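Inspection log for the structure reproduced underneath, given as structure tokens.
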Amino acid sequence: MPELPEVETVVRTLEKKLGHCTIESVEVRWPKIIDTPDIKTFCDRLKGQTIQSYGRIGKYLMFDLGDQMLIAHMRMEGKFYVQKAEEPYDHKHVHLLIRMRDGFELRYHDTRKFGRFALYDKREDPYAYPALKHVGLDAFDERLTPTYLYQQMHKRRITLKQALLDQQIMAGVGNIYADEICFALRMHPATKIWHLRKKDYETMLTETRRILSGAARAGGTTIRSYTSSLGVDGRFQLELNVHAREGEPCPICQGMVKKITLATRGTYYCPACQRKR
DNA sequence: CCTATCACCTGCAGGC
DNA sequence: TGCCTGCAGGTGATAG
């Protein structure tokens with residue numbers, strides 16, 4: 001589910017709900033979601049730790065524990081819930097429980113079990129953790145410039161959409177916002193990236209940040225119907241121009257939004273407004 | 001090194 | 001109703 005705006009929403013919501021809480025105990029119910037270290041070490045090392053601050057890089061959540069860093073990725077369907085320990089929950093899909101000393105629990109819910117957690121000794125450079133080995137600069141990292149994007153992208157034999165989705169170049173854009181960015185650029189998602197000119201990369205970065213920050217301000221996006229008053233999952237409403245709008249009128253020209261498959265991902269665009277170069 | 005494809009999981013919508 | 005297929009907002013490993 002989560003792209004950068006949804007992860008940002010989750011981070012800020014957890015920060016507000018949990019604050020500087022101290023961990024009392026940890027229970028892992030689906031061992032595979034823990035990448036490193038082994039389950040016992042993971043639980044033992046978390047016990048007694050206090051969450052100092054909440055952050056993210058791309059779509060990765062970063063829980064700063066002072067001398068350790070807990071890194072989480074929700075992949076497709078992960079959600080976090082903050083509830084009282086006595087509150088009932090969905091045992092079938094909750095795979096990690098972190099009980100706090102104040103009686104609240106952080107519960108990780110994930111129907112497809114794709115999400116992952118990793119715990120490391122704290123490092124100075126937040127990009128240096130093995131879990132972020134394939135993660136490039138965050139879309140809002142100030143070191144990310146149009147020139148940097150140009151250098152990273154223009155020689156690749158891939159399409160515009162694939163370039164936007166490549167987390168190793170720029171971290172945070174997923175399938176929804178990649179479509180929305182292509183629409184904002186008035187470019188066909190299958191445009192070969194080497195056709196873009198240097199000037200285009202300025203627009204690309206501006207529009208990417210405009211769309212991501214707008215979505216984050218709205219609290220993230222939802223497509224499929226989902227309701228949860230207690231969930232911390234970033235699923236709220238936001239107007240999308242083309243994504244998941246097959247057959248609907250383009251907001252610009254009223255032409256019909258088309259759906260294609262690009263690099264195995266469902267891709268939506270307006271054939272009239274978004275031309276290949 | 002680069003790109004394409006598969007694997008990881010479960011649930012749900014749509015066709016028959 | 002039941003079965004089957006395809007599809008879902010992601011990413012790491014593996015095969016060319």
Side-chain angles (χ1 to χ4, degrees), chain A residues 1-10 29-36 56-61 71-80 90-96 108-118 129-136 139 152-183 189-190 192-194 208 211-212 215-216 218-228 231 233-247 259-268:
Chain A
M1 80 68 180
E3 301 182 35
L4 187 152
E6 291 75 35
V7 178
E8 179 65 20
T9 301
V10 171
R29 308 173 69 105
W30 185 263
K32 280 189 174 179
I33 67 166
I34 311 301
D35 265 340
T36 186
R56 56 148 202 86
I57 291 179
K59 305 170 191 173
Y60 289 80
L61 290 123
I71 302 181
H73 197 301
M74 301 182 279
R75 295 287 180 93
M76 300 286 267
E77 311 221 347
K79 306 177 204 27
F80 285 97
D90 177 7
H91 283 250
K92 189 176 180 186
H93 300 298
V94 169
H95 310 306
L96 174 67
Y108 179 69
H109 181 289
D110 190 345
T111 52
R112 291 171 77 181
K113 300 173 176 165
F114 279 175
R116 292 293 181 268
F117 290 77
Y129 298 102
L132 305 186
K133 190 178 169 186
H134 303 292
V135 179
Q152 295 291 312
M153 291 181 174
H154 86 289
K155 288 217 162 143
R156 305 278 303 274
R157 311 292 291 176
I158 55 178
T159 63
L160 168 61
K161 179 161 179 181
Q162 287 174 289
L164 290 168
L165 287 174
D166 189 334
Q167 302 299 299
Q168 200 147 16
I169 301 175
M170 170 173 66
V173 175
N175 204 37
I176 296 176
Y177 299 115
D179 284 356
E180 295 299 310
I181 293 163
C182 291
F183 178 77
K192 309 295 187 187
I193 195 69
W194 61 88
T208 296
I211 288 166
L212 294 180
T221 296
T222 181
I223 297 173
R224 289 189 279 168
S225 64
Y226 179 90
T227 49
S228 163
D233 55 24
R235 292 182 183 219
F236 296 82
Q237 288 295 335
L238 178 84
E239 278 303 312
L240 297 174
N241 285 309
V242 286
H243 189 85
R245 294 198 172 279
E246 184 182 19
K259 181 183 183 185
I260 57 171
T261 298
L262 187 54
T264 75
R265 314 284 258 125
T267 300
Y268 303 81

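Just so it is clear: chains get the letters A, B, ... in the order the sequence lines come, proteins before strands, and each one is counted from 1. These numbers come from a predicted model, not from an experiment. Heavy-atom basis, side chains included; hydrogens, waters and symmetry copies ignored.
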Without decimals, in angstroms, what is the distance between [X] [atom1] and [N] [atom2]?
X: A:N175; N: C:dA8; atom1: CG; atom2: P; result: 8 Å
X: A:I33; N: B:dC8; atom1: CD1; atom2: C1'; result: 14 Å
X: A:I34; N: C:dG12; atom1: CD1; atom2: C1'; result: 17 Å
X: A:D166; N: B:dC2; atom1: CG; atom2: C1'; result: 11 Å
X: A:I176; N: C:dA8; atom1: CD1; atom2: P; result: 11 Å
X: A:R245; N: C:dG9; atom1: CZ; atom2: C1'; result: 15 Å
X: A:E246; N: B:dG14; atom1: CD; atom2: C1'; result: 14 Å
X: A:I260; N: C:dC7; atom1: CD1; atom2: P; result: 14 Å

Nucleotide nearest [X] (side chain, heavy atoms from C-beta), chosen from [options]:
X: A:H134; options: C:dA13, C:dG9, C:dT11; answer: C:dA13
X: A:I158; options: C:dG9, B:dA4, C:dG12; answer: B:dA4
X: A:Q167; options: B:dG11, C:dT11, B:dT3; answer: C:dT11
X: A:E77; options: C:dA8, C:dG9, B:dA4; answer: C:dA8

Under the 3.5 angstrom rule, does the side chain of [X] hit a backbone N or O of [Y] as a donor-acceptor pair?
X: A:D35; Y: A:R116; answer: no
X: A:K59; Y: A:V173; answer: yes
X: A:E3; Y: A:I176; answer: yes
X: A:Q167; Y: A:G172; answer: yes
X: A:D110; Y: A:H95; answer: no
X: A:E180; Y: A:H243; answer: yes
X: A:E77; Y: A:R75; answer: no

Legend entry - Integer angstrom distance from the C1' of C:dG9 to that of B:dT3: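 Nearest-Å result for C:dG9 against B:dT3 at atom C1': 23 Å.
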Inset, instruction - Using the P atom on both, measure B:dC9 against C:dT14 and round to a whole Å. - result: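 15 Å, rounded to whole Å.
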[N] OP1/OP2 closer than 4.0 Å to side-chain N/O of [X]:
X: A:Q168; N: C:dT11; answer: no
X: A:H93; N: B:dT10; answer: no
X: A:K113; N: B:dC8; answer: no
X: A:K32; N: B:dC8; answer: no
X: A:K259; N: C:dA8; answer: yes
X: A:R112; N: C:dA8; answer: no
X: A:K92; N: B:dG11; answer: yes
X: A:H73; N: C:dT11; answer: yes

Inset, instruction - Provide the closest heavy-atom pair for A:W194 versus A:H154 in the form atom of the first, atom of the second, distance. - result: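 Shortest heavy-atom contact: CB-O, 3.3 Å.
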Legend entry - Bracket notation of DNA chain C in which parentheses pair within the strand, [ ] cross earlier pairs, and | pairs with another strand (Watson-Crick or G-U, under 3.5 Å): .|||||||.|||||||
Legend entry - A:E6 versus A:Y177, side-chain donor and acceptor atoms under 3.5 Å: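 Yes, because at least one side-chain N or O of A:Y177 sits under 3.5 Å from a partner of the opposite role on A:E6.
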Legend entry - Whether A:F114 stacks on the six-membered ring of B:dC8 base, 5.5 Å and 30° limits: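 Aromatic stack with B:dC8 present for A:F114.
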Inset, instruction - Answer with base, sugar-phosphate or nothing: what part of the nucleic acid does A:R116 contact at a heavy-atom distance below 4.0 Å? - result: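 Here A:R116 touches no strand at all.
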Inset, instruction - Pick base, sugar-phosphate or nothing for A:G266, based on heavy-atom distances below 4.0 Å to the nucleic acid. - result: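 Sugar-phosphate, no base atom in range.
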